[in-house]
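Structure first, then comments.
Since we're looking at a predicted model, the values are computed, not measured.
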Amino acid sequence: MEKENSGSFEYMGRSFSELSVNDDSSAFSDCNSDRSGEFQTATSQNRRLLLACAAENSDDLICQLVSGLESCSIDEQKQAAMEIRLLAKNKPNDRFKIAKAGAIKPLISLILSSDSQLQEYGVTAILNLSLCDENKELIASSGAIKPLVRALKTGTSTAKENAACALLRLSQMEENKVAIGRSGAIPMLINLLATGAFRGKKDAATALYSLCSVKENKIRAVQAGIMKPLVELMADFGSNMVDKSAFVLSLLITVPEAKTAVVEEAGIPVLVEIVEVGSQRQKEIAVSILLQICEDNLVFRAMVTREGAIPPLVALTQSGTNRAKQKVSLILNLRLFMTESCLLHPLQLTWHACFGNQCRFGGYLFECSRSLFCHVSHFSNCALLFCGIKLVFILS
């Protein structure tokens, strides 16, 4: 298994320092527990559970509930699964007790049920039990991964969201990442990212981010069509998904398949727009992605410049974070408009004299390193200045 670490912020105990901007971990939800309603009706069973949640010792109740999971009555199974779900949510100390009492395998069986509510309760109970680190290995080894993937495909919206969260929790064990990827989870998570409600999109993005630290899962995600929803979400500043989508893309972009796919899905104009109008964190991520796209491909570099990337990149050398400035410097040192690129994309060339070591072009005032004629290259709405053969990108 090949694990790649190309980000740079702290998230779930992993360091991604290269992309870090302030509190980057806030870009993702941690799926701490289910967020569904607790007690819709004040039944005697619910009152019993309330008392159990307040009690110091709930061992007897746990044994009864585990027995109820294996009842022949669907109603009794639902009641037992619901109470285990809520007990695991509200009493963290009972999560290991519930697993030790034998609840995991019968709950996994419920996830395979054709009854949608029973499936939802089973998924959510497994999610809440997975919040206990000691339970993760048992849940995975008991065969939960494939049933959770099935719930991603066939479950209610709540079941899908909680299944995504449960898979995220299991993926925090490195040995589970490949198994989850090979189980068919990634296309289902991409579908949830594309079609789910906001919480579903957020949970899917978080799970995909965790899974795509492994190279083979990156390739699976690209082949399953992840670029289209990622680019669409990055383009929608009102979605509250720009950061999350961009962070996922920043992991994927390290494989060649992802670079081609993001270009084919018109991702370059979106990234350039983020550099222009995004937040400081968004700009930093976008610049990092653009650097990866441009690094080894002259055609992609020309496409970036045609989209008007140079002026906002130059501006970022003055107003961006230190990391963003470093990334911009690397991009601008890729010889975007040197001879090799010009042969592929002929430019209309004009000459402008420098006066007082400055040259004004397209609303930008550029400061030259020495008093020479400036060679201004027009390409779409972009401009680059050459002093002799040396590019100067210092914005005055």
Check: Any side-chain donor-acceptor pair under 3.5 Å between Asn162 and Glu120?
Finding: no

Next item on the list: List the atom of Tyr121, the atom of Arg85, and the distance in Å for their closest heavy-atom pair.
Entry: CD2-NE, 4.1 Å

Next item on the list: Give a yes or no answer on whether the side chain of Lys327 reaches the backbone of Val287 with a donor-acceptor pair at less than 3.5 Å.
Entry: no

Note to self: Using modelled atom types and a 3.5 Å cut-off, is there a donor and acceptor pairing between side-chain atoms of Lys325 and backbone atoms of Leu316?
What the structure shows: no

Item checked: Rounded distance [0.5 Å steps], CG in Leu193 versus CE in Met188 -> 13.0 Å

Note to self: Any side-chain to backbone donor/acceptor pair from Asn191 onto Pro187? Under 3.5 Å, distance only.
What the structure shows: no

Margin query: Using a 3.5 Å distance criterion without hydrogens, assess whether the side chain of Thr305 forms a donor-acceptor pair with backbone atoms of Ala302.
Written below: yes

Notebook entry, point to check: Counting distance only, does the side-chain N/O of Arg301 pair as donor-acceptor with the main-chain N or O of Cys294 below 3.5 Å?
Noted result: yes

Margin query: Can a side-chain donor-acceptor contact be found between Gln79 and Glu83 if the only test is distance below 3.5 angstrom?
Written below: yes

Item checked: Donor-acceptor pair, side chain of Ser210 and main chain of Thr206, under 3.5 angstrom -> no

Note to self: Keeping Lys259 on the side-chain end and Gln292 on the backbone end, is there a donor-acceptor pair under 3.5 Å?
What the structure shows: yes

Checklist line | Leu211 versus Asn217, closest heavy-atom pair with distance | finding: O-ND2, 3.1 Å

Next item on the list: Compare every heavy atom of Pro147 with every heavy atom of Ile108, then report the nearest pair and how far apart it is.
Entry: CG2-CG, 3.7 Å

Next item on the list: Mark yes or no for whether Lys160, through its side chain, and Gly200, through its backbone, hold a donor-acceptor pair below 3.5 Å.
Entry: no

Item checked: Same apolar cluster: Leu330 and Leu313, side chain cutoff 4.5 Å -> yes

Check: Is any side-chain heavy atom of Ile268 closer than 4.5 Å to a side-chain heavy atom of Val262?
Finding: no

Note to self: Checking Asp94 against Ser58: is there a side-chain donor and acceptor pair closer than 3.5 Å?
What the structure shows: yes

Note to self: Would the distance check show the side chain of Ser171 and the main-chain N or O of Leu168 forming a donor-acceptor pair, the cut-off being under 3.5 Å?
What the structure shows: yes

Next item on the list: Could you point out which residue of Ser142, Ser141, Ser109 forms a side chain to side chain contact (heavy atoms under 4.5 Å, CB included) with Ile104?
Entry: Ser142

Item checked: Modelled atom types, side-chain donor and acceptor of Glu284 and Thr321, under 3.5 Å -> yes

Check: Has the side chain of Glu76 got a donor or acceptor atom that lies under 3.5 Å from a matching backbone atom of Ser71?
Finding: no

Next item on the list: Hey, could you give me the CG/CZ distance between Leu131 and Arg169, rounded to the nearest 0.5 Å?
Entry: 5.0 Å

